[in-house]
Amino acid sequence: MSDSERLQQIESDTWNILARAVVDKRSPLRWFTFATVSPDGQPEARTVVLRAFDRASRTLTLYSDRRAAKIRALIQNPKAECHFFDSRKMLQFRLSGTAKLLAEGPRWTSIFEKLPEYALGDYAALNAPGTPGSDQSASGLAEDNFTVVDMTVSELDWLSLSRDSHQRARFKWQGVERTARFVVP
């Protein structure tokens, strides 16, 4: 297999892994680290749940409370990075890109209306995430606070830590143009 074919296979496999993680609640890649830059320039990372992945647009989706630190960070600087690691396959990849926030509109409404009742409580707390106070909730706050975060991937850094030999590849997109190459692990 040529390098070009192998790179195409790596890209395709990565997108397939993400698509599977959305529907497989036991996937080790369903939960991942999402990193942003705080308004004062500090890195911030937290674990989030992969809610959707659109292969055609290279967009992954997660949910958040609009009052969370990651939302404030994304408003200031929409650049973000995701870190995924599968310890069984010894496979790591980082996705870098730009996030967009949705807090209204037909797609937001469709997603919000499908949330299970128990999940609404995650967005209905009287106090913002990370602030002192109780986790009491109030009816109607979930609709006010629920935010969809879509991150469009512009870079993929893929690393296989196999015992046989480590391999690493980098992919970059500018619009529909893609560059891909193997790099030193």
Side-chain angles (χ1 to χ4, degrees), residues 14-15 17-88 92-157:
T14 301
W15 299 156
I17 288 168
L18 288 174
R20 181 169 173 240
V22 170
V23 295
D24 180 1
K25 293 186 179 191
R26 293 182 300 155
S27 168
L29 301 176
R30 183 171 173 84
W31 296 82
F32 65 97
T33 303
F34 184 71
T36 57
V37 178
S38 72
D40 64 351
Q42 296 301 308
E44 297 179 330
R46 74 283 288 153
T47 303
V48 297
V49 179
L50 182 62
R51 300 298 183 172
F53 177 71
D54 182 78
R55 181 184 196 132
S57 65
R58 299 179 324 277
T59 301
L60 55 86
T61 300
L62 57 117
Y63 303 156
S64 180
D65 185 306
R66 73 170 172 82
R67 303 167 296 175
K70 67 180 155 293
I71 300 301
R72 288 191 305 276
L74 291 169
I75 289 169
Q76 191 85 23
N77 179 352
K79 295 195 181 301
E81 188 164 271
C82 305
H83 176 263
F84 295 83
F85 182 66
D86 184 336
S87 62
R88 294 179 306 204
Q92 167 187 281
F93 49 92
R94 291 181 303 140
L95 305 173
S96 302
T98 303
K100 292 184 181 170
L101 306 176
L102 281 84
E104 61 185 6
R107 182 163 168 263
W108 177 91
T109 300
S110 173
I111 293 169
F112 182 79
E113 288 175 349
K114 291 177 187 167
L115 289 176
E117 189 67 34
Y118 69 85
L120 294 175
D122 294 340
Y123 310 102
L126 292 173
N127 297 308
T131 59
S134 77
D135 62 352
Q136 290 182 317
S137 62
S139 177
L141 283 182
E143 190 169 354
D144 292 341
N145 295 326
F146 177 71
T147 303
V148 175
V149 179
D150 286 331
M151 189 187 95
T152 301
V153 176
S154 58
E155 294 184 35
L156 161 62
D157 188 339

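- Annotation: the span from Ile75 atom CD1 to Thr36 atom OG1 amounts to 11.5 Å, rounded to 0.5 Å.
- For residues 38-57, the pairs satisfying ring-ring contact (aromatic ring centres under 6.0 Å, His included) are Trp15-Phe53, with sequence neighbours left out.
- Nearest heavy-atom pair, Arg67 versus Ala128, reported as atom, atom and distance to 0.1 Å: CB-CB, 3.6 Å.
- The list of salt bridge (charged side-chain N to carboxylate O under 4.0 Å, His left out) pairs with a residue in residues 45-54, not counting sequence neighbours, reads Glu44-Arg46.
- Minimum heavy-atom separation, Leu141 to Ala125: CD1-O, 3.5 Å.
- Between the OG atom of Ser96 and the CE atom of Met151 there is a distance of 6.5 Å, given to the nearest 0.5 Å.
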Where do Val149 and Leu101 land on the side chain to side chain contact (heavy atoms under 4.5 Å, CB included) test, with the steps shown first? CA-CA 5 Å; Val149 179; Leu101 306 176; 3.7 Å; yes

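- Applying the side chain to side chain contact (heavy atoms under 4.5 Å, CB included) criterion to Pro78, with sequence neighbours excluded, gives Thr98.
- Legend: salt bridge (charged side-chain N to carboxylate O under 4.0 Å, His left out) pairs involving residues 74-85, not counting sequence neighbours, sorted by first then second residue: Glu81-Arg94.
- Applying the ring-ring contact (aromatic ring centres under 6.0 Å, His included) rule to Tyr123 yields the partners Phe146; only residues at least two apart in sequence or on another chain are considered.
- The side-chain heavy atoms of Leu50 and Leu29, taken from C-beta on, include no pair separated by under 4.5 Å.
- Taking the side chain to side chain donor-acceptor pair (under 3.5 Å) definition, one finds that Ser154 meets it with nothing, sequence neighbours left out.
- Legend: residues meeting side chain to side chain donor-acceptor pair (under 3.5 Å) with Arg58, ordered by chain and number and at least two apart, are absent.
- Listed for the Arg66 side chain is a donor-acceptor partner under 3.5 Å among the backbone atoms of Asp144.
- Counting only residues at least two apart or in different chains, ring-ring contact (aromatic ring centres under 6.0 Å, His included) contacts with residues 26-51 comprise Phe32-Phe84.
- Legend: residues meeting side chain to side chain contact (heavy atoms under 4.5 Å, CB included) with Thr109, ordered by chain and number and at least two apart, are Glu113.
- Scanning for side chain to side chain donor-acceptor pair (under 3.5 Å) contacts around Glu155 gives an empty result, with sequence neighbours left out.
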Identify all side-chain donor-acceptor contacts of residues 18-25 below 3.5 Å with residues at least two apart in sequence or on another chain.
{"unit_1": "Arg20", "atom_1": "NH2", "unit_2": "Asp24", "atom_2": "OD2", "d": "2.9"}
{"unit_1": "Asp24", "atom_1": "OD1", "unit_2": "Arg26", "atom_2": "N", "d": "2.9"}

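- For the pair Thr147 and Asp65, the tightest heavy-atom approach, listed with the atom from each and the gap, is OG1-C, 4.3 Å.
- Ser27 pairs by the side chain to side chain donor-acceptor pair (under 3.5 Å) definition with nothing, not counting sequence neighbours.
- Atom OG1 in Thr61 sits 4.5 Å away from atom CZ in Arg107 (nearest 0.5 Å).
- Atom CG of Asn145 is separated from atom OH of Tyr63 by 16.0 Å, given to the nearest 0.5 angstrom.
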Between Phe112 and Glu104, is a side chain to side chain contact (heavy atoms under 4.5 Å, CB included) present by the stated rule, with each step listed? CA-CA 10 Å; Phe112 182 79; Glu104 61 185 6; over 6 Å; no

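- To the nearest 0.5 Å, atom OG1 of residue Thr152 and atom CG of residue Leu60 are 8.5 Å apart.
- With rounding to the nearest 0.5 Å, the separation of OG in Ser64 from CG in Asp122 is 10.5 Å.
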